[in-house]
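These notes concern the structure reproduced below.
For reference, positions follow the sequence shown, starting with 1.
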Amino acid sequence: MRRSPLLPRPGRPGGLLVLAVALLVALAGPLVVALVVALASAFLSGHPATSDEADRSAGTIVASEDVAPAPWVWPTGTREVVRPIEAPADDYAPGHRGIDLATSVGTPAVAVADGTVSFAGQVAGRGVVTIDHGEGLVSTLDSVEPSVATGDAVQQGMVVGVVTVGHCPAADPCLHLGARVEGRYVDPLRFLSPAAWPVLLPESAWPG
């Protein structure tokens with residue numbers, strides 16, 4: 001009787017492997033075969049295949065998830081946003097040119113990043129500190145009592161003032177953080193780590 005060419009011949013150790021691969025091709029398709037081949041190659045080479053190697057053998061692209069750290073720190077340490085930015089239609093239109101952070105009067109306010117103080121003083125009766133971070137990026141803290149002067153070099157996390165009443169009412173104090181890029185107001189949240197427990201008030205409920 002003639003032996004089927006698909007059956008392994010006695011004394012041939014690779015026959016069972018050939019048969020197993022043939023059955024996988026018929027039952028599961030090329031994806032499983034690719035994984036089996038990767039594992040078999042690793043076994044024959046003397047080291048186990050990693051999951052990345054198996055994925056590459058199957059044609060899967062494995063990408064690392066490198067996340068760059070946020071360039072700014074939160075100026076009062078808390079991350080509770082009570083009012084978001086409301087971009088104005090133009091430079092002179094009404095809007096809210098930054099975000100308001102829940103805090104208490106007297107809380108130290110720090111520089112969000114390294115830079116040079118470009119303004120520290122009163123604007124419309126409120127204390128303001130503006131810091132130039134270079135490459136057209138500027139931050140503004142309002143309302144604060146400044147502890148720095150124009151021209152001072154500051155480092156990220158350095159105290160530049162304390163929170164006062166002004167932008168927000170005394171009954172519900174806040175620190176206003178603004179950001180400008182090349183003179184245009186942008187959302188400061190793009191430079192900060194994610195906010196926590198946001199309490200975003202509707203515009204109609206905001207007193208100022």
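- In this structure, G134 and D132 approach most closely via the heavy-atom pair N-OD1, 2.8 Å.
- Residue V73 is not grouped with residue V186 when hydrophobic side chains (ILVMFWY) are merged at heavy-atom distances under 4.5 angstrom, including chains of intermediate members.
- Nearest approach of V110 to V160, heavy atoms of both residues: C-CG2, 4.1 Å.
- Counting all heavy atoms, side chain and backbone alike, R180 lies closest to T130 at NH2-CG2, 3.8 Å.
- Counting heavy atoms from C-beta outward, V117 and V154 have side chains that approach closer than 4.5 Å.
- Between the side chain of D152 and the backbone N or O of A149 there is at least one donor-acceptor pair closer than 3.5 Å.
- Using a 4.5 Å cut-off on side-chain heavy atoms (C-beta onward), L137 and W72 make contact.
- The closest side-chain heavy-atom distance from C174 to L101 is not below 4.5 Å.
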Check your understanding: Taking it one step at a time, do V148 and V129 satisfy side-chain contact (heavy atoms from CB on, under 4.5 Å)?
Key -> CA-CA 8 Å; V148 292; V129 173; 4.2 Å; yes

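- The closest donor-acceptor contact from the side chain of Q156 to the backbone of V112 lies under 3.5 Å.
- Taking the side chain as every heavy atom from C-beta outward, R79 and V81 never approach each other to under 4.5 Å.
- Grouping the Ile, Leu, Val, Met, Phe, Trp and Tyr side chains by contacts below 4.5 angstrom, directly or via other members, places I131 apart from Y185.
- Here the shortest heavy-atom pairing between A153 and M158 reads O-SD, 4.3 Å.
- Residue S147 comes nearest to G161 through the heavy atom pair OG-N, 3.2 Å, listed as atom of the first residue, atom of the second, then distance.
- In terms of heavy atoms, G151 sits closest to T116 at O-CG2, 3.8 Å.
- Between H176 and H167, the ring-plane angle classifies as tilted under the 30° and 60° cut-offs.
- No side-chain heavy atom of T150 sits less than 4.5 Å from a side-chain heavy atom of S118.
- With hydrogens and angles ignored, the 3.5 Å screen pairs no side-chain donor or acceptor of T103 with any backbone N or O of T78.
- Remark: T164 engages no residue in a side-chain hydrogen bond (donor to acceptor under 3.5 Å, both in side chains) (not counting sequence neighbours).
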**Study point:** Pair V105-V162, side-chain contact (heavy atoms from CB on, under 4.5 Å): steps then yes or no
**Key:** CA-CA 8 Å; V105 173; V162 295; over 6 Å; no

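- Sequence neighbours left out, not one pair with a member in residues 106-130 passes ring pair (Phe, Tyr, Trp, His ring centres under 6.0 Å).
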Check your understanding: Going through the checks in order, is the side-chain contact (heavy atoms from CB on, under 4.5 Å) test met by L141 and L175?
Key -> CA-CA 7 Å; L141 302 178; L175 176 69; 4.1 Å; yes

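- With rounding to the nearest 0.5 Å, the separation of CH2 in W74 from OG in S193 is 6.0 Å.
- Note on V123 and L177: separate hydrophobic clusters, where clusters join Ile, Leu, Val, Met, Phe, Trp and Tyr whose side-chain heavy atoms are under 4.5 Å apart, directly or indirectly.
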Check your understanding: Stepwise, does the side-chain contact (heavy atoms from CB on, under 4.5 Å) test hold for V163 with S104?
Key -> CA-CA 7 Å; V163 176; S104 300; over 6 Å; no

